[in-house]
There are 2 protein chains.
Amino acid sequence: MADLNNLLSPFFLNDKEVKKVIELIFFSYRDFTSGPDKILEKLNFGRAHHRVIYFVGKKNHITIKELLVVLQITKQSLSRVLNQLVKEKFIIVSTGVDKRTKKLSLTEKGKKLESELSSIQIKKIRGVINKFSEDNINGFKKMLYEMIEDNNKKTFQEIND
Amino acid sequence: MADLNNLLSPFFLNDKEVKKVIELIFFSYRDFTSGPDKILEKLNFGRAHHRVIYFVGKKNHITIKELLVVLQITKQSLSRVLNQLVKEKFIIVSTGVDKRTKKLSLTEKGKKLESELSSIQIKKIRGVINKFSEDNINGFKKMLYEMIEDNNKKTFQEIND
DNA sequence: TATTTAGGTCAGCCATATTGACTTAATTAT
DNA sequence: ATAATTAAGTCAATATGGCTGACCTAAATA
């Protein structure tokens with residue numbers, strides 16, 4: 001019902017073919033993160049710092065709790081990473097209207113790093129986009145979205161509304 | 001030249017749209033690995049064990065060196081993980097024709113675990129495949145492949161020849 | 001006023017990775 | 001035959017990024 005393509009010619013991949021997809025995901029993800037990793041290394045930061053920088057950049061004035069929902073780590077884990085970023089002035093903290101909360105923002109230094117890290121990944125994705133059609137890109141996005149668990153689909157929507 | 005679609009209607013995504021793709025990759029990969037992670041946890045294993053189990057299952061009689069090329073970690077890192085898997089009888093080791101090398105194989109216990117872990121990810125991918133067309137799937141695979149660095153593309157080909 | 005919420009902190013633990021230095025045994029090249 | 005290279009292993013130290021559990025403060029809400 002949903003898709004004529006499937007009704008007319010149901011598409012099947014055997015286990016071996018599906019496993020190739022597993023490997024493509026593994027290899028592509030590793031290379032997707034390796035670029036930023038190299039820059040982060042020079043700053044003695046890791047991927048966790050990248051994620052915090054990224055999502056604070058994405059949503060200015062994000063609170064600790066919101067960040068925890070997105071990252072799905074414990075506050076103890078976030079704490080160490082975030083404190084380093086604040087101490088080294090990539091992120092500044094202010095108090096929310098609800099005075100229990102804290103609002104996080106990137107400093108100019110933080111914005112610069114975020115931009116440097118993101119531009120590597122943006123470049124990589126654009127490189128891919130340029131080789132494919134609009135249909136392919138839209139399919140790619142939809143398929144990635146379908147791989148996300150329902151509760152996290154909600155989170156993805158929330159950070160993009 | 002390469003693609004009429006792009007010549008006729010060059011497809012452009014602005015930075016904000018490309019960043020959505022970055023997030024889709026982040027969220028989907030996390031959920032792609034979370035299923036196996038839960039099973040591994042019960043065995044006091046981690047994702048590193050999964051990768052070793054996976055690639056030994058993929059290529060029976062793989063050597064340590066071949067495994068290191070695929071995994072791109074140091075032999076010290078591999079050593080700990082592999083020794084645990086051998087000690088707990090998920091993997092058996094034999095000597096190659098070149099007596100310097102070792103050949104790794106899954107035991108029945110190892111095959112069972114590999115199958116249990118892979119079936120989760122296979123199921124997830126099939127779930128996605130069933131919602132899309134053959135064109136979409138082929139596009140998906142090609143786009144993932146294009147995200148891999150050239151030297152690793154070679155590795156991907158080699159493990160699939 | 002009592003409870004919940006947002007955030008922080010201390011301590012200890014585990015997994016995964018790294019670098020560097022060094023060893024052994026087997027193969028290959030000179 | 002000897003030298004060089006290769007495959008594998010090991011010891012030690014270090015870093016990152018997660019976790020649990022226990023406990024605390026201050027502010028908001030019921």
Side-chain angles (χ1 to χ4, degrees), chain A residues 26 29-30 33-34 36-56 61-88 91-105 117, chain B residues 26 29-30 33-34 36-56 61-88 90-105:
Chain A
F26 169 64
Y29 190 79
R30 190 174 60 187
T33 52
S34 66
D37 283 353
K38 279 169 207 154
I39 290 172
L40 292 158
E41 207 182 355
K42 292 176 204 159
L43 298 165
N44 287 313
F45 288 161
R47 220 171 272 179
H49 299 82
H50 186 184
R51 294 198 277 258
V52 172
I53 288 269
Y54 181 88
F55 286 109
V56 173
H61 293 321
I62 194 171
T63 65
I64 304 285
K65 206 204 168 187
E66 287 167 336
L67 205 41
L68 289 175
V69 169
V70 173
L71 297 176
Q72 298 206 152
I73 57 175
T74 60
K75 62 178 171 177
Q76 294 93 323
S77 295
L78 174 58
S79 169
R80 183 176 21 77
V81 169
L82 181 57
N83 287 336
Q84 286 174 284
L85 290 169
V86 171
K87 189 183 289 172
E88 299 190 30
I91 285 177
I92 43 166
V93 184
S94 56
T95 304
V97 179
D98 178 339
K99 286 175 189 165
R100 290 171 305 177
T101 66
K102 288 184 173 175
K103 299 183 301 179
L104 307 175
S105 307
L117 296 171
Chain B
F26 169 64
Y29 190 79
R30 190 173 60 186
T33 52
S34 65
D37 283 353
K38 279 169 206 152
I39 290 172
L40 292 158
E41 206 182 356
K42 292 175 203 157
L43 298 166
N44 288 311
F45 287 163
R47 219 170 274 177
H49 299 83
H50 185 183
R51 293 197 278 257
V52 172
I53 288 268
Y54 181 88
F55 286 110
V56 174
H61 294 321
I62 193 171
T63 65
I64 305 284
K65 207 207 168 183
E66 287 168 337
L67 205 42
L68 289 175
V69 169
V70 172
L71 297 175
Q72 298 207 154
I73 57 175
T74 59
K75 62 180 171 176
Q76 295 93 323
S77 295
L78 174 58
S79 168
R80 181 182 25 78
V81 168
L82 181 58
N83 287 337
Q84 286 173 286
L85 289 168
V86 171
K87 190 183 287 173
E88 299 190 30
F90 290 92
I91 285 177
I92 43 166
V93 184
S94 56
T95 303
V97 178
D98 178 338
K99 286 174 190 166
R100 290 172 305 178
T101 66
K102 288 183 174 177
K103 299 182 304 179
L104 307 175
S105 308

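A, B, ... follow the sequence lines: proteins, then strands. Residue 1 opens every chain.
Considering only heavy atoms from C-beta on, A:Leu82 comes within 4.5 Å of A:Leu104 through its side chain.
Atom NE2 in A:His50 sits about 13 Å away from atom P in D:dG18, given to the nearest Å. Between A:Asn83 atom CG and C:dG8 atom P there is a gap of 7 Å when expressed in whole angstrom units. Going from atom CZ of A:Arg30 over to atom C1' of C:dA17 covers 13 Å, rounded to whole Å. The nearest whole Å value for the distance from the CG atom in A:Leu71 to the C1' atom in C:dG7 is 16 Å. Atom P of nucleotide D:dG18 and atom CG of A:Leu82 are separated by 13 Å, given to the nearest angstrom. Rounded to whole Å, the distance from CG on B:Asp37 to P on D:dC19 is 11 Å. Between the P atom of C:dC14 and the CG atom of B:Leu40 lies a distance of 18 Å, rounded to the nearest Å. We find that NZ of B:Lys99 is positioned 17 Å from P of D:dG9, with the value rounded to whole Å.
Residue contacts for B:Val97: at a heavy-atom cut-off of 4.0 Å it reaches the sugar-phosphate backbone alone, with no base atom in range. Nucleic acid contact class of B:Gln72 (heavy atoms, under 4.0 Å, all strands): sugar-phosphate only. At the heavy-atom level, A:Thr101 lies under 4.0 Å from the strands shown only through sugar-phosphate atoms.
When the side-chain nitrogen and oxygen atoms of A:Lys102 are compared with OP1 and OP2 of C:dG7, none of them lie within a distance under 4.0 Å. One finds no side-chain N or O of B:Arg100 lying less than 4.0 angstrom from the OP1 or OP2 phosphate oxygen of C:dT23. For C:dT16, the OP1/OP2 oxygens have a side-chain nitrogen or oxygen of B:His49 closer than 4.0 Å.
Taking the six-membered ring where the residue is Trp, the centroids of B:Phe45 and B:Phe90 are separated by under 6.0 Å.
Of all nucleotides listed (C:dT4, C:dT16, D:dG18), D:dG18 comes nearest to the side chain of A:Arg80. With D:dT16, C:dT16, C:dG20 as the choices, the nucleotide that has an atom nearest any side-chain atom of A:Asn44 turns out to be D:dT16. The listed nucleotides are C:dT9, D:dA12, C:dT27; the one nearest the side chain of A:Gln76 is C:dT9. Closest approach to the A:Thr74 side chain among D:dC19, D:dA8, D:dA12 is made by D:dC19 (side chain taken as heavy atoms from C-beta onward).
For the ring pair (Phe, Tyr, Trp, His ring centres under 6.0 Å) test with A:Phe26, the passing option among B:Phe55, B:Tyr29, B:Tyr54 is B:Phe55; the others fail.
A donor-acceptor pair under 3.5 Å is absent between the side-chain atoms of B:Thr101 and the main chain of B:Val97, judged by distance alone. Side chain of A:Arg47 to main chain of A:Pro36: no donor-acceptor pair is present (N/O by atom type, distance under 3.5 Å, no hydrogens or angles).
Comparing A:Arg47 and A:Lys75 by the nucleotide of DNA chain D that holds the closest heavy atom to each, the one mapping nearer the 5' end is A:Arg47. Sequence order on DNA chain D of the closest nucleotides to A:Ser77 and B:Ser79 puts B:Ser79 first from the 5' end.
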